[in-house]
Structures are given as structure tokens and as C-alpha cells.
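The structure appears right after this line, and notes come after that.
Position 1 is the first residue of the sequence; numbering continues from there.
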Amino acid sequence: MATGCLLHSRIMRKGIAVSPGVVVGTAYCIQGIFVPADSRRLNAKETAAEVEKFEFAQQQVVTELRALRDKVTLQVGAKEGAIFATHEAILQDPSLVKNVVERIERQHSTAQAALQAFLMEYAASFPKNYDSYIRERLADVRDVIVRLSAHLSEILNSEHGPAIEGPLVVVADELLPSQAVALGKADVAGIVTQSGSRTSHAAIIARSRGIPAVCGVANILKQVHTGDAIVVDGSQGHVIISPDAETDKAYRKLEREFFLFRDELAENRDQPATTIDNAPLSLLANINTVDDSLAATAMGASGVGLFRTEYLYLTHPSVPDEEEQLATYRDVIDNSPNRSVTIRTLDIGGDKTVPYLGHRQESNPFMGWRSIRLSFEHPELFATQLRAIMRAAAYAGEIGGEVKMMFPMITTLEELHRVKSR
């Protein structure tokens with residue numbers, strides 16, 4: 001469990017060390033639904049414009065949800081496509097619209113702040129011990145508000161990311177892949193989350209980008225605000241808010257030493273990888289994105305041992321079709337060391353979910369409805385990915401590369417036979 005103490009003018013918290021390194025930066029807080037809470041009060045002219053902005057975003061999301069419904073119905077199934085019809089109904093629910101508009105008009109709130117307030121009020125209206133049905137309804141409402149918030153967010157519409165000086169330390173409840181994409185142009189140098197673990201989205205994103213990160217720091221968003229000075233020690237799991245001069249100096253020294261150590265490791269990247277008795281080794285990289293494959297090449301890897309395709313699904317606005325997947329796989333192949341890549345089929349479930357496959361509550365989600373079992377349940381989705389990977393493998397062969405395929409969480413011989421029958 002995370003702990004905290006007050007020393008001099010600083011607050012130190014302890015969390016889970018998930019990505020090594022040290023960074024001294026400026027906090028950028030992402031609140032529950034996507035962006036920092038905006039306490040600014042609007043004047044009369046701004047209020048009218050804000051209502052129009054909200055209504056325009058609402059119509060954009062309606063159009064998006066209808067396109068998603070049609071695409072998911074075609075590629076996954078009618079039941080899964082119906083999820084987006086439900087989301088459209090939530091989006092156009094008179095009580096939601098009235099609540100948000102009244103907050104804008106009467107309290108002179110921004111649309112973002114009004115949406116956050118509505119979500120908090122909605123969640124608080126249910127008992128603490130939610131049953132599975134209520135949890136699913138809350139998840140649906142949150143998905144809709146996240147989508148609305150994304151359309152309203154200046155993060156997504158900005159060419160330069162957050163309008164504060166970096167290096168930035170993103171502080172969030174949990175950093176989702178879509179949020180990481182939205183922050184892609186910002187100078188993100190550290191990540192701190194309230195929830196999460198060594199296998200969470202934030203941890204994997206941070207490690208793949210070489211960003212120091214600490215997860216599991218309970219209630220950190222109540223102690224830090226956007227613009228605060230903050231230190232992240234991803235090796236020890238320490239987070240320090242508003243460090244005093246002595247602490248700041250000490251951690252900046254550790255930060256420099258870490259960068260020097262990393263540079264020293266990169267210096268021998270072109271030397272052959274061998275054991276002490278000269279037995280050859282293959283150093284393979286695990287990647288999530290095309291950028292990761294470029295980094296693997298730059299650091300001297302001999303190939304990609306695992307391309308996690310779930311991040312293509314998690315960061316895509318809808319279910320990626322065959323041509324979209326093929327384009328990504330070809331980009332990864334082109335930019336990977338020796339154009340050698342092992343592509344893993346979709347490994348969704350447990351702590352990684354996408355709206356178009358629905359919500360399912362399980363006592364042990366990490367061992368249940370996920371990975372290859374989920375692919376079996378959605379045969380067209382699985383077949384689409386297999387076709388895209390096979391076409392990518394043919395492309396790799398044409399340019400002197402190699403593609404292998406990995407299937408996640410195979411537990412029985414029957415499952416393996418079933419995969420091969422596809």
C-alpha cells in the first residue's frame with residue numbers, strides 16, 4: 001500500500017515501481033474523465049458559446065457512435081454493435097443533456113467541468129457495493145462521457161499538447177492508451193497513477209517509452225495539482241511533491257546519472273550479443289507500436305520477439321479492419337530490426353478491455369474470458385486479424401524479412417487444434 005510523509009516543504013509518497021529511472025518535472029493532472037478539472041467561471045457570452053460547443057460535440061459523438069455500431073455489427077456481431085446504440089441512447093438522454101446544460105448556464109461552468117460533475121453525481125447515486133449490472137451501466141455512462149470529453153478536449157485539438165512547460169509528469173487515476181495517444185506530442189517524462197500494477201496500461205506504456213513511472217499511489221490526485229513540481233523515482237517507487245531545494249538538487253543528480261548510464265548501455269549496441277564464453281544470443285524487443293520498433297532498431301535489437309497487437313485495438317477509435325491492421329503490421333515490419341517480427345494475436349481481457357467487446361464481470365478475469373478464448377467467441381474478428389497477419393507475413397517474405405505468429409493463453413491441445421483449423 002502507498003504511504004506518505006511530510007518532510008520540510010515536500011510530500012513523499014510510496015507506490016509500485018513499474019518503470020525505472022528518475023525525473024524531476026512539472027505535474028500535469030488528468031482527472032477522472034480525461035482532462036484536468038477546470039474551475040474557471042465563464043461570463044455570459046462565453047456561457048452561450050460553451051452550450052453550443054457541448055451540443056456540437058454531442059452531435060459529433062452521435063455520428064461517431066452510429067458509424068461504430070454499423071462497423072462493429074459487420075465485423076464482430078449484432079450484439080456487440082448494439083452496445084453503441086445503448087451509448088447513443090445515454091448520450092441523448094434528456095436528464096444528462098439537461099443536467100450538463102444547466103450547470104453551464106447557471107453555474108457558468110465549462111462543459112468539461114459540467115460533465116465531470118454529472119459523472120460524480122451519477123456514480124454517487126448508487127450504493128457502494130455495486131452489483132455487476134450497475135457496474136456495467138456505470139461503465140457505459142463513463143465510456144460515453146469519455147468520448148464526449150475527448151471531442152471537447154483541447155488536448156486532442158492542439159498541435160502542441162498541454163499548454164504548460166515540460167518536462168511533464170502525467171498524474172492520473174490510470175493512464176489509458178487513448179490518453180497516451182492524445183498526449184503523444186507533449187514532453188511527457190514521467191507517469192504516476194493512483195491505481196494500476198506492473199502489468200497495467202500505464203506500466204507497459206511507460207516501459208516501452210523508457211519513461212520513469214510509479215503506479216498504485218492512492219489518492220495522489222488529492223495531493224498534487226497541475227503545475228506543481230514533482231519528482232518520480234521509478235526505480236524505488238517514490239513520488240515527491242513540491243521538493244525542497246536540497247531534495248530537488250539530489251534527484252536532479254540521480255536523473256543525470258540515470259541518463260548517463262542509459263547512454264553507456266547504448267554505446268555497445270552494435271557489438272555482437274554473446275555470453276561470457278562467446279555463445280551467441282539473440283536480443284529481441286517487446287513492442288506495442290511502430291515507434292517502439294524504431295527504438296528497438298536504434299538500440300541494437302536483432303528482432304521483435306513480441307508485437308502486442310492489443311494496443312492497436314485499444315488506441316483505435318473503432319475495431320480496426322483488415323486493411324488498417326495490415327498497414328500497421330507492414331509499418332512495424334519495415335521499421336523492425338532485420339524486419340523480423342513475432343506478431344501476437346489479440347490479447348484482450350483482464351485489465352485490458354475495449355467497449356465494442358462489452359463488459360464482463362468475473363471472479364478471476366485474468367484467467368477467464370480473454371485472449372484466445374475471446375478470439376474464439378468472435379470468429380470474424382479473429383479471422384480478420386489472421387488474414388491481416390498472413391498478408392503481412394507474405395509482404396515480409398518479399399522484402400527479406402520474417403513474420404511469426406503467437407497465440408496468447410493456449411492452455412489445451414484442443415485449443416491449439418482449433419487455432420490451426422482457422
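For Phe56, the CZ atom sits in a loose shell: 12 or fewer heavy atoms of surrounding residues, nucleotides or ligands are nearer than 6.0 Å.
Exactly one residue among Gln385, Glu310, Met406 makes a side-chain contact (heavy atoms from CB on, under 4.5 Å) with Thr345. That residue is Gln385. Applying side-chain contact (heavy atoms from CB on, under 4.5 Å) to Ser293 and the options Val290, Asp291, Thr289 leaves one that passes, Val290.
Both tests do not hold together for Arg344 against Phe407: distance to the six-membered ring centre under 6.0 Å, angle to the ring axis within 45°.
There is a side-chain donor-acceptor pair under 3.5 Å between Asp244 and Thr247. At a cut-off of 3.5 Å, with distance as the only test, no side-chain donor of His108 or Asn43 sits close to an acceptor on the other residue. With 3.5 Å as the limit, one finds no donor-acceptor pair spanning the side chains of Ser242 and Asp228. Judged by distance alone, the side chains of Glu402 and Asn338 never bring a donor and an acceptor atom under 3.5 Å apart. Of the N and O atoms on the side chains of Glu64 and His151, at least one donor lies less than 3.5 Å from an acceptor on the other residue. With hydrogens and angles left out, the side-chain atoms of Glu246 and Tyr251 include no donor and acceptor closer than 3.5 Å. Checked by atom type, the side-chain pair Gln59/Thr63 shows no donor-acceptor distance below 3.5 Å.
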Problem set entry | Asp248 and Arg252: CA distance, side-chain angles, deciding distance, salt bridge (Lys or Arg N to Asp or Glu O under 4.0 Å) verdict | CA-CA 6 Å; Asp248 183 276; Arg252 287 188 187 277; 2.7 Å; yes
Exercise. Could you walk me through whether Glu255 and Phe259 pass the side-chain contact (heavy atoms from CB on, under 4.5 Å) check?
Worked result: CA-CA 6 Å; Glu255 183 179 24; Phe259 281 119; 3.6 Å; yes
For this session: Mind running side-chain contact (heavy atoms from CB on, under 4.5 Å) on Val232 and Val22 for me, showing each step along the way?
Result: CA-CA 6 Å; Val232 179; Val22 175; over 6 Å; no
For this session: Step by step, work out the salt bridge (Lys or Arg N to Asp or Glu O under 4.0 Å) result for Glu46 and Lys53.
Result: CA-CA 10 Å; Glu46 289 175 321; Lys53 181 179 176 182; over 6 Å; no
For this session: Check the pair Val171 / Tyr28 against side-chain contact (heavy atoms from CB on, under 4.5 Å), numbers first and verdict last.
Result: CA-CA 6 Å; Val171 184; Tyr28 182 76; over 6 Å; no
For this session: Start with the C-alpha distance between Lys253 and Glu257, add both sets of side-chain angles, then the distance that settles side-chain contact (heavy atoms from CB on, under 4.5 Å), and finish with yes or no.
Result: CA-CA 6 Å; Lys253 182 175 183 292; Glu257 290 173 351; 2.6 Å; yes
Problem set entry | CA sep, side-chain torsions, deciding dist, call: Arg391, Glu323, salt bridge (Lys or Arg N to Asp or Glu O under 4.0 Å) | CA-CA 10 Å; Arg391 290 172 66 189; Glu323 296 303 322; 2.7 Å; yes
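Of the possible donor and acceptor atoms, none in the side chain of Arg41 sits under 3.5 Å from a partner among the backbone N and O of Ser109. Side-chain N or O atoms of Ser19 include one that pairs as donor or acceptor with a backbone N or O of Ile211 at under 3.5 Å. Judged by distance alone, with hydrogens and angles left aside, the side-chain atoms of Arg13 form no donor-acceptor pair with the main-chain N or O of Ile240 at under 3.5 Å. Judged by distance alone, with hydrogens and angles left aside, the side-chain atoms of Gln325 form a donor-acceptor pair with the main-chain N or O of Pro320 at under 3.5 Å. In this structure, the side chain of Ser336 does not engage the main chain of Gly303 through any donor-acceptor pair within 3.5 Å. The backbone N or O of Val319 lies less than 3.5 Å from a partner atom in the side chain of Lys71, making a donor-acceptor pair. Side chain of Glu50 to backbone of Ala111: a donor-acceptor contact under 3.5 angstrom is found. With hydrogens and angles ignored, the 3.5 Å screen pairs a side-chain donor or acceptor of Ser235 with a backbone N or O of Gly21. Between the side chain of Gln194 and the backbone N or O of Leu221, at least one donor-acceptor pair lies under 3.5 Å. Here the side chain of Asn219 pairs no donor or acceptor atom with the backbone of Lys222 at under 3.5 angstrom.
For the pair Val141/Leu119, a side-chain contact is recorded, criterion being any heavy-atom separation below 4.5 Å from C-beta on. Proximity of Ile230 to Val239: side-chain heavy atoms (C-beta onward) are separated by under 4.5 Å at one or more points. Residues Asp334 and Tyr395 meet the side-chain proximity criterion, which asks for heavy atoms closer than 4.5 Å. A 4.5 Å side-chain heavy-atom check between Val419 and Ile372 finds at least one atom pair inside the cut-off. A heavy-atom distance below 4.5 Å is found between the side chains of Val62 and Gln92. Under the 4.5 Å side-chain criterion, counting only non-hydrogen atoms from C-beta, Thr309 is in contact with Ile343. Here the side chains of Arg373 and Glu415 are in contact, with some heavy-atom distance below 4.5 Å. Using a 4.5 Å heavy-atom cutoff, the side chains of Val231 and Val24 are in contact.
Between Ala301 and Pro337, the shortest heavy-atom contact is O-CB, 3.0 Å. Annotation for Gly81 and Val72: closest pair N-CG1, 3.7 Å, computed over non-hydrogen atoms. When all heavy atoms of Thr226 and Cys29 are compared, the closest pair comes out as OG1-N, 3.0 Å. Across Ala189 and Pro212, no two heavy atoms sit closer than the pair O-CD, 3.2 Å. Between Val224 and Ala27, the shortest heavy-atom contact is CG2-CB, 3.6 Å.
With sequence neighbours excluded, no residue forms a side-chain hydrogen bond (donor to acceptor under 3.5 Å, both in side chains) with Thr193.
The OH atom of Tyr329 sits 5.5 Å away from the CG atom of Leu312 when rounded to the nearest 0.5 Å. If you take CD1 on Ile241 and CD1 on Ile11, they are separated by 5.0 Å, rounding to the nearest 0.5 Å. The NE2 atom of His87 sits 12.0 Å away from the CG atom of Leu148 when rounded to the nearest 0.5 Å. Rounding to the nearest 0.5 Å gives a distance of 10.0 Å between CG of Leu91 and CZ of Arg147. Between the CD1 atom in Ile104 and the CD atom in Glu52 there is a gap of 11.0 Å [rounded to 0.5 Å]. To the nearest 0.5 Å, atoms OG (Ser375) and CE (Met409) are separated by 12.0 Å.
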